[in-house]
Amino acid sequence: MQEIDGHTRLCGLIGNPVEHTMSPAIHNTLAKQEGRNLVYVPFHVEKGQVGQAVKGAFALNVLGLNVTVPYKSEVIEYLDGIDDMAEKIGAVNTLVRTKNGYKGYNTDITGLYCAMCSEGIRLEGEEILVLGAGGAARAAAFLCASKGAKKVYILNRTVEKAKAVEEEVNRIFHTQCASAMCTEDYKKLGTDRKYLAIQATSVGLYPDTEKAVILDREFYERIHTGFDLIYRPFCTKFMSLVREAGGQAFHGLKMLLYQGVEAYELWNGIGVEEEDIQALYGVLLKAMEI
Ligand code: ATR
């Protein structure tokens, strides 16, 4: 633990709930690796108090904040600036202190991109299936469109929600690449090619580890790579079904890793060394085993 003195800078997480977060482990490990006098703590913020929380944090000289559920959109009106991509998606997870207030960023998206790149996954020119149409799926669909995917099929149990994501993506990126479908309609996708699939629903999350949105092998035979945003467990049902059908599959812990690293870099105006990122990943893997 960092020794706290008169120069210690504070960063933290605002959300509700925040009690199960891995973010303190990420940022306090990075600060320790670097010998930086910074500590990171979770702040449980009650409904209706997010504006006051941001204002109070600024007054207290807090260096930076992460924002989690349910405040990623609500917090925007209390910011002094917003990054382009975060504005497009309408959600921020990182606030960086500037002269008169905080500027909002979305490192969930850049973190997902870094995680995919680190696994050698390409988005440009790809045909991609996004499972889900909630906040996480929306971020994934936005990322795919912004990186020049050829097609982004959004498959969801509630097709109206998939349609809303489709419309937004196509409008914002001036494209027609997004296309909504109800989950069972994967059968209409051709079998002459294989897809990258991003699992962005909450199905399969611990303790429901035997569940997946689609169980049918016919679906998984269409997948060359499966990326699950879930990281608890490390091998989800979705991932094992992808592997059983011959594809490669990855879990979401690297997305968590890189969203944290990028936030830390923004707060401190530095680049974290690859060696330190790998060491941090080791710490996260270990923490997850407990
Ligand atoms: P997040 O912000 O983490 O993405 P969310 O907004 O609650 O969370 O979205 C959860 C996603 O998982 C949605 O796409 C949801 O489908 P619906 O839009 O039809 O609700 C999907 N999901 C959750 N439970 C599901 C289940 N049992 N079967 C299929 N999809 C499910």
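Ligands are counted one by one from 1 in listed order, and the atoms in each one are counted from 1 as well.
- Closest protein heavy atom to atom 20 (O) of ligand 1: Arg157 NH2, 2.8 Å.
- Scanning all protein heavy atoms for the shortest distance to atom 11 (C) of ligand 1 gives Thr201 CA, 4.0 Å.
- The shortest contact between atom 10 (C) of ligand 1 and any protein heavy atom is with Ser202 OG, 4.0 Å.
- Results of the side chain to side chain donor-acceptor pair (under 3.5 Å) test with Thr225 over Arg122, Gln248, Lys194 single out Gln248 as the only residue that passes.
- A cation-pi geometry, defined here as NZ or CZ lying under 6.0 Å from the six-membered ring centre and within 45° of its normal, holds between Lys147 and Tyr113.
- Looking only at distances, a side-chain donor or acceptor of Tyr71 sits under 3.5 Å from a matching main-chain atom of Val45.
- Stacking of Lys254 on the aromatic ring of Tyr258 is not recorded, the 6.0 Å distance cut-off and the 45° axial limit not both being met.
- Among all non-hydrogen protein atoms, the one lying nearest atom 13 (C) of ligand 1 is Asn156 OD1, 3.9 Å.
- Annotation: cation-pi pair Arg222/Phe219 absent, no NZ/CZ under 6.0 Å from the ring centroid and within 45° of its normal.
- Across every non-hydrogen atom of Gly260 and Ile26, the tightest pair is CA-CG2, 4.1 Å.
- Using a 4.0 Å cut-off to heavy atoms of Lys161, the atoms of ligand 1 that qualify are 17 (P), 18 (O), 20 (O).
- When only interatomic distances are considered, the shortest N/O to N/O separation between Ala133 and ligand 1 falls below 3.5 Å.
- Atom 6 (O) of ligand 1 has as its closest protein heavy atom Gly134 CA, 3.3 Å.
- Ligand-side atoms of ligand 1 in range of Gly132: 14 (O), range being under 4.0 angstrom from any heavy atom.
- The protein atom (non-hydrogen) at minimum distance from atom 3 (O) of ligand 1 is Ala136 CB, 4.3 Å.
- Closest to atom 25 (C) of ligand 1, if we only count protein heavy atoms, is Val203 CG2, 3.3 Å.
- Closest protein heavy atom to atom 1 (P) of ligand 1: Gly135 N, 3.7 Å.
- Within the 4.5 Å cutoff, side-chain heavy atoms of Ile270 are placed close to those of Arg36.
- The structure places CD of Glu34 at 7.0 Å from CG of Asp276, a figure rounded to the nearest 0.5 Å.
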